Protein chains: 2
Amino acid sequence: METRLLESFVALARAGSFTAAARALHLAQSTVTVQIRTLEKELGTPLFDRLPSGTVPTAAGLRLLEEAEAVLDAVARLRATASSWHGDTASGTVAGQVTIGAADSLCASRLPSVIAALRRAHPGLEVHLNAVGTAAAVDGLRGGRLDLALVLEPEVVESDLLAHRIAELPLTYVAAPDHPLAGRTADWEELARESFFVHEEGCSYSDRLVRALRGVPGTRPGITRFGSIDAARSCVAAGLGLTLLPQVTVEGQLAGGRLAVVHGPEAPPVPVQLVRHRRRWVSPGARAVTEELTAAFADTSL
Amino acid sequence: METRLLESFVALARAGSFTAAARALHLAQSTVTVQIRTLEKELGTPLFDRLPSGTVPTAAGLRLLEEAEAVLDAVARLRATASSWHGDTASGTVAGQVTIGAADSLCASRLPSVIAALRRAHPGLEVHLNAVGTAAAVDGLRGGRLDLALVLEPEVVESDLLAHRIAELPLTYVAAPDHPLAGRTADWEELARESFFVHEEGCSYSDRLVRALRGVPGTRPGITRFGSIDAARSCVAAGLGLTLLPQVTVEGQLAGGRLAVVHGPEAPPVPVQLVRHRRRWVSPGARAVTEELTAAFADTSL
DNA sequence: GGGCTCCATCGGGGATCGCGATAGCGTGGG
DNA sequence: CCCACGCTATCGCGATCCCCGATGGAGCCC
């Protein structure tokens, strides 16, 4: 079924004559004649009575006219959705859905302002944000559930994924303000006598910290691992111990006096990698998100 | 927009590979490839990611898939309506709408059983019945508001209409059972002294009766004309006078003793003409109605 | 690395599309 | 009465499109 035929159908019904319909459609009259006959043959019923006084729909044509318009409406919706997804070049905005995954700590700190900026720039864009660990991010990108992922890893060595380092976040040791080490400088031996509240295994800088602490001879550091950054931060704020986090995730608490810096041994900054699937199509929406993320991270922290 | 492309689209989304979709569609694999690329070009956005592990829809493809299915649904409805209108050759039934006009007197007497028979034979057929005089019937057929009309006229001399005489209805003079002439034989002179309740001008047999009564010298018959046959019949039943009607329209009242026959001068039977437009398409539904009407009138009254 | 599966591309034969020209038909004016 | 006009149907033609089979390249498994 060729929707062109349906457009000629409704045009003819509206115009009342083949000649007028052809003019409206910018076609030759003979073309409209053939199109309507084709449609009548395809549907198996005459659609118009060709009377000397004009061309009027038959009873069947009148009924089918509504259904033909419904088809054309559905096609118009399809086209509209497609073109909105593709982007409106006039306004420079894009629409559609983009699903991104990000490390828990970024979701709560840096991403809200990025998403707000995206909403302003692209009102039609629907951004879905999931808090995911590195493993879940890789899975989601592989399975198509994620368009983009932000992971805090030095390397992503998946051949079907493409990682781009967009920032490096400085890490900070933090403790409650009334903690004995708060505001002080501590070496590995001092730290190894404290309790630490860190991420689950798989978090690169937490793992490296745990390895370093356990490598200090003659000590048994207390290690508690949390899936949620919030829970760990709460324990630290309650004075139960220390943690090591990207500085941006605790800037609010540091400024508010609810946490304090501990100047520990040098910790290499953690790279922020923006990862996508190597072979999947990058929608204009995903491209817009990529640009916004790159800009947001670049201007403060590389 | 060619809906074939949309069918390949959903088939590919379902099948998960070009090869499998081509098998399901009974097409060559290269054809599906070209069709999908054509659709992607037409919509301006990639619909599938061709991954080594299979062909999966992009985010845009997933969203557009629903809309494509909506289009195909609308097309299926269009086709279903068209074919139901055309008729189901397996069951021999037809569907659709047929609008017929008929003289008031027939609507109340003969047509209900015909319509009931049509409903039994063609459950999908929607019959609209309008009570119309001859002038309105001609107008309605001309304007396309009526598919068929039953008129009680000896001749229909409209070049663009086609009339077919399907019956001749005997006429009967009737009066109230307690009327002096009830059951008796009366000649023109006796009748011309009575009051008559007949149809509006334009009803052939009423007009002829009025002319005959007025032609009787030395009398002034009382003539009252009604648009509605019911009103006239009520007046007669109340004993106010006589009327002349097709016998079938008063058979119930005659059998119930509410009206009585008066044996008046011979009145030529009134022809029932089934009229349609000469050049308009006769739908299968209208053809079924024509056959039913012809049969119903033929077996009792010609 | 060889075989296998899958998708993209290419060339060709056939069908289709849209066009202009023309014929048939009905109408209205001179 | 005849002719001119407007409308639709038909025809022939050039261009395009469609679908096919064959072929090539890429990735995967053994």
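We use all heavy atoms of the structure for the numbers below, so side chains are in, but hydrogens, waters and symmetry mates are not. Just so we're clear, the structure is a prediction, and the values are computed from it rather than from any experiment.
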Between N or O atoms, less than 3.5 Å apart, protein on one side and nucleotides 5-9 of chain C on the other: list the pairs.
{"from": "dC7(C)", "atom 1": "OP1", "to": "Phe18(B)", "atom 2": "N", "distance (Å)": "2.8"}
{"from": "dC7(C)", "atom 1": "OP1", "to": "Thr55(B)", "atom 2": "OG1", "distance (Å)": "3.1"}
{"from": "dC7(C)", "atom 1": "OP2", "to": "Phe18(B)", "atom 2": "N", "distance (Å)": "3.2"}
{"from": "dC7(C)", "atom 1": "OP2", "to": "Thr19(B)", "atom 2": "N", "distance (Å)": "2.8"}
{"from": "dC7(C)", "atom 1": "OP2", "to": "Thr19(B)", "atom 2": "OG1", "distance (Å)": "2.6"}
{"from": "dA8(C)", "atom 1": "OP1", "to": "Arg50(B)", "atom 2": "NE", "distance (Å)": "2.8"}
{"from": "dA8(C)", "atom 1": "OP2", "to": "Thr33(B)", "atom 2": "OG1", "distance (Å)": "3.2"}
{"from": "dA8(C)", "atom 1": "N7", "to": "Gln29(B)", "atom 2": "NE2", "distance (Å)": "3.1"}
{"from": "dA8(C)", "atom 1": "N6", "to": "Gln29(B)", "atom 2": "OE1", "distance (Å)": "3.3"}
{"from": "dT9(C)", "atom 1": "OP2", "to": "Arg37(B)", "atom 2": "NH1", "distance (Å)": "2.1"}

Handout entry: Spacing of Asp160(B) atom CG relative to dT27(C) atom C1', expressed in whole Å
Key = 14 Å
Fill in the blank from the handout: Residue pairs meeting salt bridge (charged side-chain N to carboxylate O under 4.0 Å, His left out), one or both in residues 277-291 of chain B, sequence neighbours left out, come to Asp49(A)-Arg280(B)
Fill in the blank from the handout: Sequence neighbours excluded, the answer for salt bridge (Lys or Arg N to Asp or Glu O under 4.0 Å) partners of Glu2(A) is Arg4(A)
Exercise for the section: Kindly write out the residues that satisfy salt bridge (Lys or Arg N to Asp or Glu O under 4.0 Å) with Asp160(A), not counting sequence neighbours, or none if the list is empty. Expected result: Arg142(A)
Problem - Range on DNA chain D touched by chain A - first to last nucleotide, heavy-atom distance under 4.0 Å - result: dC7(D) to dG27(D)
Exercise for the section: For Glu42(B), enumerate each residue passing the side chain to side chain donor-acceptor pair (under 3.5 Å) test, keeping only those at least two apart in sequence or located in another chain. Expected result: Arg79(A)
Problem - Residues Glu69(A), Arg63(A): salt bridge by 4.0 Å N-O rule - result: no
Completion exercise
Residues at least two apart in sequence or cross-chain that pass ring pair (Phe, Tyr, Trp, His ring centres under 6.0 Å) with Phe48(A), listed by chain then number, are Phe9(A)
Problem - Separation of atom CZ in Arg279(B) from atom C1' in dG24(C), rounded to whole Å - result: 12 Å
Fill in the blank from the handout: Residues passing the side chain to side chain contact (heavy atoms under 4.5 Å, CB included) test with Thr33(B), sequence neighbours excluded, are Phe18(B), Gln29(B)
Exercise for the section: Can you sort out the partners of Asp104(A) under salt bridge (Lys or Arg N to Asp or Glu O under 4.0 Å), two or more places apart, ordered by chain and number? Expected result: none
